[in-house]
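Structure, as structure tokens:
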Protein chains: 2
Amino acid sequence: MVSVSNQEDAILSRLRGEGYKITPQRRAIVRAILSSDEYVTPELLLIKARQAFPSLGRVTVYRTLDILSQLGLLCTLHPEGHHPGYTLGRLDHHHHVVCSGCGRVSDFSEHGLEELEKRLSRETGFKIEGHILEFLGLCPQCQETNNEK
Amino acid sequence: MVSVSNQEDAILSRLRGEGYKITPQRRAIVRAILSSDEYVTPELLLIKARQAFPSLGRVTVYRTLDILSQLGLLCTLHPEGHHPGYTLGRLDHHHHVVCSGCGRVSDFSEHGLEELEKRLSRETGFKIEGHILEFLGLCPQCQETNNEK
DNA sequence: GTCATTGCAAATCGTTTGCAGCGCC
DNA sequence: GGCGCTGCAAACGATTTGCAATGAC
């Protein structure tokens with residue numbers, strides 16, 4: 001298990017290594033993503049990161065997300081009926097389960113898809129380049145909250 | 001294999017059955033979706049459907065897509081790097097392969113996911129409600145076009 | 001004839017861009 | 001001290017809403 005502060009360091013030094021400067025804004029944004037186990041939207045991220053850096057501009061959030069995204073540090077999520085959002089990626093290939101109640105994200109690995117890719121290539125003639133696999137459901141906490149109602 | 005005109009009738013009578021009126025606009029939109037094997041965006045659909053009904057308004061396209069979507073007749077696609085779009089759904093559960101070149105959509109069935117859902121429920125405690133599984137790749141035609149370059 | 005449907009224009013939402021000043025390295 | 005970064009304001013594209021006229025049944 002990697003601790004959050006280690007993850008933060010890893011991301012920041014990756015940024016530095018790519019020639020980007022480490023500003024308090026970027027630090028606040030990265031920390032805000034790391035501190036939530038829900039997935040984040042730009043708007044949510046702005047609110048969270050402003051707690052640490054109140055004068056943070058909305059534009060900076062978008063620009064930082066762009067950078068992280070280009071470096072492959074973010075995963076995009078498409079929860080049905082919700083706005084698309086982001087969560088921090090791991091280095092290995094993996095997938096997500098998103099809570100439809102609170103947005104909490106859990107991840108898992110699954111390697112059976114390569115088999116399926118081959119079958120699809122054969123059946124459809126497509127040259128497969130990638131895939132999206134996401135599950136939507138209720139996390140344990142939200143299941144309980146639902147039952148209380 | 002179900003013919004396109006049968007599909008059209010099926011969709012229109014479903015609409016009628018739900019209390020919606022069959023207008024030439026809706027007919028043109030439904031036909032436009034059916035006549036493309038690529039997935040459609042609202043904008044693209046507007047252009048296509050206007051060939052049959054030139055005075056069609058953009059708003060009507062959005063409203064019709066909403067209705068079809070609520071009735072479960074549409075599938076949403078999330079091709080990476082492109083705008084999200086729609087394709088007509090089949091009644092049974094299935095998934096899509098989208099061409100990153102031209103947007104052509106091919107569909108397939110896969111039942112191995114129920115197994116995976118169970119595993120995830122067990123491992124994460126989430127109550128799984130649904131999933132997205134989409135493949136992105138190049139269709140046979142676009143592979144050829146690429147090679148010619 | 002009634003009431004859903006339409007299309008326009010305007011409002012709105014999320015995101016991107018131009019630009020002048022600021023601050024990290 | 002230079003150049004990348006920031007934040008404002010304005011632009012932008014996609015979608016939604018208010019409303020009066022229209023047309024399907």
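Convention: sequence-line order gives letters A, B, ...; per-chain numbering from 1. Every heavy atom of this structure was used, including side-chain atoms; hydrogens, water molecules and symmetry mates were not.
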Can you tell me the distance, in whole Å, between the [atom1] atom of [X] and the [atom2] atom of [N]?
{"X": "B/His83", "N": "D/dG13", "atom1": "NE2", "atom2": "P", "answer": "10 Å"}
{"X": "B/Arg27", "N": "D/dA24", "atom1": "CZ", "atom2": "P", "answer": "10 Å"}
{"X": "B/Leu15", "N": "D/dA24", "atom1": "CG", "atom2": "P", "answer": "15 Å"}
{"X": "B/Glu18", "N": "D/dC25", "atom1": "CD", "atom2": "C1'", "answer": "18 Å"}
{"X": "B/Leu46", "N": "D/dT15", "atom1": "CG", "atom2": "C1'", "answer": "13 Å"}
{"X": "A/Leu44", "N": "C/dT15", "atom1": "CG", "atom2": "P", "answer": "12 Å"}
{"X": "A/Leu65", "N": "C/dG14", "atom1": "CG", "atom2": "C1'", "answer": "13 Å"}

Mark up nucleotides 1-9 of chain C, 5' to 3', with B wherever a protein heavy atom is under 4.0 angstrom from a base atom, S wherever such an atom reaches only the sugar-phosphate, and - elsewhere.
-> --BSSBBBB
Report the C-alpha separation of A/His95 and A/Glu134 in whole Å, then their side-chain angles, then the decisive distance to 0.1 Å, and conclude whether the side-chain hydrogen bond (donor to acceptor under 3.5 Å, both in side chains) test is met.
-> CA-CA 6 Å; A/His95 302 99; A/Glu134 291 174 22; over 6 Å; no
Can you name the closest pair of heavy atoms from A/Gly125 and B/Gln143 and give their distance?
-> O-NE2, 2.9 Å
Salt-bridge contact A/Glu18-A/Arg14 (side-chain N to carboxylate O under 4.0 Å) |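 Yes, this pair counts.
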Between B/Arg119 and B/Glu123, does at least one N-O distance fall below 4.0 Å, as a salt bridge requires?
->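 Yes.
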Residue whose closest nucleotide on DNA chain D lies nearer the 5' end, B/Arg16 versus B/Glu43 | B/Glu43
Hey, is the side chain of B/Tyr62 poking within less than 4.0 Å of OP1 or OP2 on D/dT15, counting only N and O atoms?
-> yes
Any idea how B/His131 and B/His93 line up, ring-wise: parallel (<30°), tilted (30 to 60°), or perpendicular (>60°)?
->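 Rings of B/His131 and B/His93: perpendicular, as their planes differ by over 60°.
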Spacing of CG belonging to B/Leu88 relative to OH belonging to B/Tyr39, to within rounding of 0.5 Å =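 If I round to the nearest 0.5 Å, the distance is 15.0 Å.
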